[in-house]
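Working notes, structure below.
Quick caveat, the model's predicted, so the values are computed rather than measured.
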There are 2 protein chains.
Amino acid sequence: MLVNEARTFRELCQENGIAVTHQRQVLYEVMKTMHGHPSPEEVYAQVKKKVPAISLATVYKNIHLFVESGVFREVSMHHGSLRVEMNDESHHHMVCSKCKAITDIGEKELGLVSKQDKLPGGFLVERYAVDVIGICAKCQQA
Amino acid sequence: MLVNEARTFRELCQENGIAVTHQRQVLYEVMKTMHGHPSPEEVYAQVKKKVPAISLATVYKNIHLFVESGVFREVSMHHGSLRVEMNDESHHHMVCSKCKAITDIGEKELGLVSKQDKLPGGFLVERYAVDVIGICAKCQQA
DNA sequence: TTATCGGACGATAATCTTTATCGTTTATAC
DNA sequence: GTATAAACGATAAAGATTATCGTCCGATAA
Ligand SMILES: [Mn+2]
Ligand SMILES: [Mn+2]
Ligand SMILES: [Zn+2]
Ligand SMILES: [Zn+2]
């Protein structure tokens with residue numbers, strides 16, 4: 001149902017107060033067809049087939065918009081620069097989805113269970129790294 | 001025990017077949033004193049106080065060496081470029097520590113339990129994102 | 001339908017992070 | 001002490017992302 005899809009995307013844009021542009025709509029539709037965890041460059045390469053004149057900057061800007069709107073999600077909250085872990089204790093992380101702040105939380109404090117060391121595909125488990133995604137106290141106030 | 005610390009670091013280097021240089025040793029000692037999740041730039045700023053002539057490239061190279069040797073650990077396995085999640089299902093990720101390949105694993109398949117939505121510091125939980133760190137099948141063969 | 005206006009676009013420069021290059025210096029083994 | 005390979009510092013280059021800015025277009029209302 002192309003018409004229905006179009007209406008859905010139109011509504012989606014209205015909900016988020018953004019214009020329904022040709023580039024934005026094609027980008028959305030192309031992304032819907034993709035699998036795995038594509039990078040902006042990979043998305044760009046696909047969209048270019050349908051809108052050859054599109055700019056990489058437009059792809060970045062709209063992916064960010066989609067992520068902010070909750071239409072798509074980024075694989076990792078901390079994909080920025082390299083960070084070194086200085087906490088020797090067994091622990092996991094609380095990551096604020098607003099300000100990206102990373103706070104340690106002890107393994108016991110988090111209270112997860114059941115670590116299998118056999119996983120599909122013959123994957124050999126070394127350890128679990130849990131990110132608790134949410135809103136930190138400061139960002140809840142604002 | 002400075003002498004003892006020095007011997008420890010010397011042994012550490014010998015185990016990993018790397019030379020004991022002044023820069024490398026100061027870098028190691030400075031990092032040991034740091035807390036949280038510093039970036040290479042932040043480490044560089046600290047080390048520069050003791051070895052003003054050190055290069056940022058040297059900091060990067062040695063942090064990588066330390067991480068490879070298991071002396072320090074990076075906070076996130078996927079801190080590279082932005083990746084968009086295209087899998088709608090509730091799932092987590094298996095991340096290969098050798099080749100960095102990311103594979104989906106269903107939430108039920110992983111079989112974790114207990115999601116608290118109250119965490120220390122008034123952190124409001126949205127979701128859990130689990131990275132299972134390990135070695136993928138391909139890298140196990142090689 | 002048309003005029004208006006703010007948002008969106010494309011091109012590209014700029015920024016930020018990380019890596020590669022290369023001549024010089026230094027640690028290690030003999 | 002000398003030879004050799006590794007490590008260093010300076011800096012260019014690469015890769016990813018963002019900022020800038022002139023132009024264009026979609027949304028709104030006359
Ligand atoms: Mn930590
Ligand atoms: Mn996934
Ligand atoms: Zn926050
Ligand atoms: Zn692998």
Side-chain angles (χ1 to χ4, degrees), chain A residues 6-7 9-30 37-45 47-69 71-72 74-84 100, chain B residues 6-7 9-30 37-45 47-69 71-72 74-84 100:
Chain A
R7 182 187 293 133
F9 182 70
R10 185 167 294 274
E11 287 169 357
L12 190 71
C13 289
Q14 283 171 348
E15 286 167 17
N16 291 283
I18 59 178
V20 181
T21 68
H22 179 55
Q23 290 88 338
R24 189 164 285 158
Q25 185 156 358
V26 172
L27 178 62
Y28 173 79
E29 283 162 9
V30 165
H37 311 109
S39 65
E41 283 281 355
E42 288 167 341
V43 172
Y44 176 56
V47 177
K48 232 183 170 181
K49 293 176 183 173
K50 304 218 171 185
V51 187
I54 200 171
S55 165
L56 178 59
T58 298
V59 172
Y60 267 99
K61 283 181 277 196
N62 281 300
I63 287 180
H64 286 323
L65 270 183
F66 290 155
V67 170
E68 287 165 21
S69 310
V71 182
F72 293 105
E74 46 191 329
V75 173
S76 172
M77 294 303 295
H78 26 185
H79 63 84
S81 66
L82 171 64
R83 296 306 178 97
V84 187
K100 315 291 180 190
Chain B
R7 182 188 294 132
F9 182 72
R10 184 167 294 275
E11 287 169 357
L12 189 71
C13 289
Q14 283 170 349
E15 287 167 16
N16 291 284
I18 59 178
V20 181
T21 67
H22 181 234
Q23 291 89 336
R24 189 164 286 159
Q25 185 155 357
V26 173
L27 179 60
Y28 173 78
E29 283 163 9
V30 166
H37 312 107
S39 66
E41 283 281 355
E42 287 167 342
V43 173
Y44 176 57
V47 178
K48 233 182 169 180
K49 294 175 182 172
K50 305 218 171 183
V51 187
I54 200 170
S55 165
L56 177 60
T58 298
V59 172
Y60 267 98
K61 281 181 279 198
N62 282 298
I63 288 180
H64 287 322
L65 270 182
F66 290 155
V67 169
E68 287 165 21
S69 309
V71 182
F72 293 104
E74 45 191 328
V75 173
S76 172
M77 295 303 295
H78 26 182
H79 62 83
S81 66
L82 170 65
R83 295 306 177 98
V84 186
K100 315 293 180 188

Notebook entry, point to check: CG of B/Leu27 versus C1' of D/dC8: gap in Å, rounded?
Noted result: 13 Å
Check: What's the CD1-P distance between B/Ile18 and C/dT26, to the nearest Å?
Finding: 19 Å
Margin query: Just N and O in the side chain of A/Gln23: are any of them under 4.0 Å from OP1 or OP2 of C/dG10?
Written below: yes
Check: Taking the side chain of B/Arg24 as its heavy atoms from C-beta onward, which of C/dG10, C/dA8, D/dA7 lies nearest to it?
Finding: D/dA7
Note to self: To the nearest 0.5 Å, what is the distance between CD on B/Glu68 and CG on B/Asn62?
What the structure shows: 10.5 Å
Check: Of B/Leu56, B/Thr58, B/Ile54, which is the lone residue that meets side-chain contact (heavy atoms from CB on, under 4.5 Å) with B/Val47?
Finding: B/Ile54
Item checked: side-chain N/O B/His22 vs C/dA27 OP1/OP2, d < 4.0 Å -> no
Item checked: Distance in angstrom units between B/Glu68 CD and D/dA7 P, rounded -> 11 Å
Note to self: Which is more 5' along DNA chain D, the nucleotide nearest B/Gly80 or the one nearest A/Val20? Just name the residue.
What the structure shows: B/Gly80
Next item on the list: For the residue pair B/Phe9 and B/Tyr28, categorise the inter-ring angle as parallel (less than 30°), tilted (30 to 60°) or perpendicular (more than 60°).
Entry: tilted
Check: Between B/Thr21 and D/dA6, is there a side-chain N or O to OP1/OP2 distance below 4.0 Å?
Finding: no
Notebook entry, point to check: For the helix from C/dT1-D/dA30 to C/dC30-D/dG1, what is the angle between the axes at its two ends, each from 5 pairs, rounded to 10°?
Noted result: 40°
Next item on the list: With sequence neighbours excluded, give me every salt bridge (Lys or Arg N to Asp or Glu O under 4.0 Å) pair touching residues 74-83 of chain A.
Entry: A/Glu74-A/Lys100
Next item on the list: Return the value, rounded to whole Å, for the distance between atom OH of B/Tyr44 and atom C1' of D/dA10.
Entry: 10 Å
Note to self: If I take atom CD in residue B/Glu42 and atom P in nucleotide C/dT18, what distance separates them, rounded to the nearest angstrom?
What the structure shows: 11 Å
Item checked: Proximity to the side chain of B/Ser81 - top-ranked nucleotide from D/dA16, C/dA8, D/dA7 -> D/dA16
Item checked: For atom CD of A/Gln25 and atom P of D/dA27, their distance in whole Å -> 10 Å
Notebook entry, point to check: Does B/Arg24 use its side chain to pair, donor to acceptor, with the backbone of B/Ala19 at less than 3.5 Å?
Noted result: yes
Check: Looking only at heavy atoms, which two atoms of A/Arg10 and A/Val20 are closest? And how far apart?
Finding: CA-CG2, 4.0 Å
Margin query: Tell me the interatomic distance from A/Lys48, atom NZ, to C/dG10, atom C1', rounded to whole angstroms.
Written below: 12 Å
Notebook entry, point to check: Quick one: are B/Phe72 and B/Ile63 in side-chain contact, heavy atoms under 4.5 Å?
Noted result: no
Item checked: 4.5 Å side-chain heavy-atom contact, B/Leu27 and B/Phe66 -> yes
Item checked: Any A/His64 side-chain N or O less than 4.0 Å from OP1/OP2 of D/dT18 -> yes
Note to self: Expected output is a numbered-order residue list: members of residues 54-63 of chain B with a heavy atom under 4.0 Å from any atom of DNA chain D. What is it?
What the structure shows: B/Ile54, B/Ser55, B/Ala57, B/Thr58, B/Lys61, B/Asn62
Check: Just by distance, do the side chain of B/Ser69 and the backbone of B/Val71 share a donor-acceptor pair under 3.5 Å?
Finding: no
Next item on the list: Say whether, by atom type as modelled, one donor and one acceptor occur between the side chain of B/Glu42 and the main chain of B/Ser39 under 3.5 angstrom.
Entry: yes
Margin query: Nearest whole Å is fine: how far is D/dA16 P from A/His78 NE2?
Written below: 20 Å
